[in-house]
Amino acid sequence: MAAGRHGGYRDYEAREREPDAEAARRSQSLGGRHRSDADRRRDGVRSSGGREFSNGYGHRRSHPPKSRLSTRLGDREPGEVLSGSASDDSGGRSGRAAGENTMSSSSREGEVAVGAPAAPSPSKKRKFSPIIWDRDSPKPPSLHSGTVTLKGVVDSASADTASDKKVVESSSAQLPPPPPLPPQGHIPERLVVDNSPMDVDLAVDTDNTEQLHVLQDSKVLEVEESKVKEEEESKVKEEEEYPTMRNISTSRWAGANDDDEEGVTLRKKKVLSPADSAELGQGKKTPTPELGEVVTSDMSGRRTMSRSSDSGRMGNDEKEDLELGKGDYMDVDRGEASVNGSANLLSSDSEDEVRRSETPEPVKPAHRCINMLQGCRSVDVFERLNKINEGTYGVVYRAKDKKTAEIVALKKVKMEKEREGFPLTSLREINILLSFHHPSIVDVKEVVVGSSLDSIFMVMEYMEHDLKGVMETMKQPYTQSEVKCLMLQLLEGVKYLHDNWVLHRDLKTSNLLLNNRGELKICDFGLSRQYGSPLKPYTQLVVTLWYRSPELLLGTKEYSTAIDMWSVGCIMAELLAKEPLFNGKTEFEQLDKIFRTLGTPNEKIWPGYAKLPGVKVNFVKQPYNRLRDKFPAASFSGRPNLSEAGFDLLNKLLTYDPAKRISAEAALEHPWFSEVPLPKSKDFMPTFPALNELDRRTRRYMKSPDPLEEQRLKELQAKGNRGLFG
Ligand SMILES: Nc1ncnc2c1ncn2[C@@H]1O[C@H](COP(=O)(O)OP(=O)(O)OP(=O)(O)O)[C@@H](O)[C@H]1O
């Protein structure tokens, strides 16, 4: 346990922050390392781990004891208001950014609740709705960002809809080309899946032992034809209702960076280098796998929906898989490729229909089959260690592979409230995570099943922390060089998502995982596919409001990758200040806080602003951008210092007009990352005791020791490991 490595928690010492000059010196002295790190990043190679280094901050990776952590620094509650009452000084604005957020000059304060989309009804537990795409529009526009750089395949049909065209018009200058269709006549090979789980009712009847046996015995789940028809009809309906994810109808697996990954390669079809991927080019982009074909193998062959039995015996599927290495595409369906293609979970939209029609259609099998879960290993191959956290859609456990002793995180998909089968959010998350492979995206290794169909677990690489938890335990905020290191990783992950036409839509510090190798990874893709879905009765506006962009808060019907970039801006500010930038409790309060800090927007700096539904409300009229007050260039007040370049980047991330907001790609090239202090190497990032290795109650105690809690903790520990998942 990392806590052990770091010594007793009570012994943790506050981290001594090195002076900027020292940081600069270090950074310079590490320049070669930084460069090589950057090179590695560019090359897609994960940073190697295990180095020991003492930099005077306290302990770094692989160092034993002496953590820099000390006692909790005061937890923040959602809704806690920032104290920063900025002065009226508007100086320090960087020219361009200031120009982007120029304010109106009147000064009335509004008190009416914002006319943003109606608050969701409280019947579902989601903490907040990261805003659903056009609730009213039956055909939401596709994901287009004026700043996204298309690196791979485009779907030529992606801009067909009227709404798309609208977006195209509005951001025509930078509009990425649509994803290309697979080459005519090409039948992408995929693992055999006849339907995606979206096509097949996985509604769980826990009494139905037959279904269970089907799964456990690796038999094909057969669904009655009539039911299938119904399902298809409902799917079509749903596809109409649900947003078109046309932009991720294909995805690039081109993320290298896994060269050093070992592991199961039975399913490895072909290892694609970035060059290979580039070679594939427009015509050969790897299609995003369907959910049902999540038996995927990426470049490293690690992302597998295991079909092997516990004993590792290979079934026919496995044997077939082994023969699939010849294809250019990583995930291959033999034979029924097009059929499967039609069930692509990530592309259940009209464009997919177009694509399907252009893809040679093999004969449909007589029986609808689904083998998504066929042969999945049982969760019993893992030993439960502790519960890490419980989110809205899943409980996350730390567990150990009984065979390999590998520590993993198991996210149990919550099913209890699902009346209509397997939750779509989870299907999307599984599909996306199995499909994507990038050092900044949490790695999902396989899916395992529990004792019944209602127990499905994603097996993820284990990460010791999430950023929120880490910052709660830190005494001092991250240094600029550390923030740069984290921001680079975050931006690389976001760029990867956006390049692959995925909006995360729920970027926040608790969805950014950290390990003690200095690596940051984005997790929780439960909402990443949801845009355009009908408004669900999400409830309880809480924390993640803080990362929500103004266009969403003001009820825009069109949004794009810029919403994630706003969240990235909020995260950058939070990393620097160790407290959330805008922590409103309601949408109105959130906007109010934004406007008071960045100035009230107007039509001049944000064309189209006046037409947004929520603008009818009388907001505060703050004429100036006062962000600089919170991040001065130099300060002895304890506020985080930020250089001109850093402030410029922050302003560009927090630009009101989504069309002008900086993209992940452009942000990665921002001069802030090249100036001193240079980004710290991952190898030298601070490490922390792994609170994820403790259960939540223990973690709470660690952050806020309390004798009563201590007693309870002891009792809990005495009870020992229950050994059951969920
Ligand atoms: N691979 C992992 N390793 C370690 N901890 C993890 C991992 N994945 C998730 N967690 C922990 O579990 C928490 C919840 O995970 P996640 O956000 O995926 O669940 P969720 O139900 O979708 O949550 P939310 O309510 O935010 O939507 C994370 O904040 C993190 O603390």
Worksheet item: When you measure from the side chain of K495 to the backbone N and O of S663, does any donor-acceptor pair fall under 3.5 Å?
Response: no

Practice prompt. Quick one: list whatever passes side chain to side chain donor-acceptor pair (under 3.5 Å) with S567, sequence neighbours left out.
Written response: none

Item to complete: Run the salt-bridge test on E603 and K611 with the 4.0 Å N-O cut-off and return the result as yes or no.
Response: no

Discussion item. Any side-chain to backbone donor/acceptor pair from K521 onto L514? Under 3.5 Å, distance only.
Written reply: no

Discussion item. For the backbone of T655 and the side chain of R661, can you confirm whether one donor and one acceptor N or O come within less than 3.5 Å of each other?
Written reply: yes

Item to complete: Check side chain to side chain contact (heavy atoms under 4.5 Å, CB included) between A645 and all other residues, then give those that pass, not counting sequence neighbours.
Response: S643, H670, W672, E675

Worksheet entry | For T509, all residues meeting side chain to side chain donor-acceptor pair (under 3.5 Å), sequence neighbours excluded | Y547

Item to complete: Using a strict 4.0 Å threshold on nitrogen-to-oxygen distance, state whether E519 and K682 make a salt bridge.
Response: no

Discussion item. Using salt bridge (Lys or Arg N to Asp or Glu O under 4.0 Å), reason through K468 and E574 one step at a time and then give a plain yes or no.
Written reply: CA-CA 10 Å; K468 180 169 182 277; E574 192 168 336; over 6 Å; no

Worksheet, complete the sentence: Residues passing the ring-ring contact (aromatic ring centres under 6.0 Å, His included) test with F673, sequence neighbours excluded, are none

Practice prompt. Under the side chain to side chain donor-acceptor pair (under 3.5 Å) rule, collect the residues that match up with Q590, sequence neighbours excluded.
Written response: none

Practice prompt. Could you tell me whether a side-chain N or O of R639 sits under 3.5 Å from a main-chain N or O of D629, the two making a donor and an acceptor?
Written response: yes

Discussion item. Could you check whether any side-chain heavy atom of E665 comes within less than 4.5 Å of a side-chain heavy atom of H498, counting everything from C-beta outward?
Written reply: no

Worksheet item: Considering the options L486, L512, L576, L581, which one meets the side chain to side chain contact (heavy atoms under 4.5 Å, CB included) requirement together with I571?
Response: L512

Worksheet item: Which pair of heavy atoms, one from L649 and one from A667, lies closest together, and at what distance?
Response: CD1-CB, 4.0 Å

Fill in: Q622 (side chain) donor-acceptor with T600 (main chain) under 3.5 angstrom
no

Discussion item. Applying side chain to side chain contact (heavy atoms under 4.5 Å, CB included), can you list everything that pairs with E669, at least two apart in sequence or on another chain?
Written reply: none

Item to complete: With V568 as reference, evaluate L654, L653, I662 under the side chain to side chain contact (heavy atoms under 4.5 Å, CB included) test and give the passing residue.
Response: L653

Discussion item. For S549 versus I563, what's the shortest heavy-atom pair and its separation?
Written reply: OG-CG2, 3.6 Å

Practice prompt. Answer yes or no: is there a donor N or O on one side and an acceptor on the other, between the side chain of R596 and the main chain of G599, under 3.5 Å?
Written response: no

Worksheet item: Would you call the rings of F619 and F588 parallel, tilted or perpendicular, where under 30° means parallel and over 60° means perpendicular?
Response: parallel

Practice prompt. Check for a donor-acceptor pair, side chain of T597 on one end and backbone N or O of K593 on the other, with a separation under 3.5 Å.
Written response: yes

Worksheet entry | Test side chain to side chain contact (heavy atoms under 4.5 Å, CB included) applied to C523 - qualifying residues, sequence neighbours left out | V442, N511, L513

Discussion item. Would the distance check show the side chain of D657 and the main-chain N or O of A659 forming a donor-acceptor pair, the cut-off being under 3.5 Å?
Written reply: yes

Worksheet item: Relative to the ring of Y609, is the ring of F595 parallel (under 30°), tilted (30 to 60°) or perpendicular (over 60°)?
Response: perpendicular

Discussion item. Angle between ring planes, Y496 versus F436, binned at 30° and 60°: parallel, tilted or perpendicular?
Written reply: perpendicular

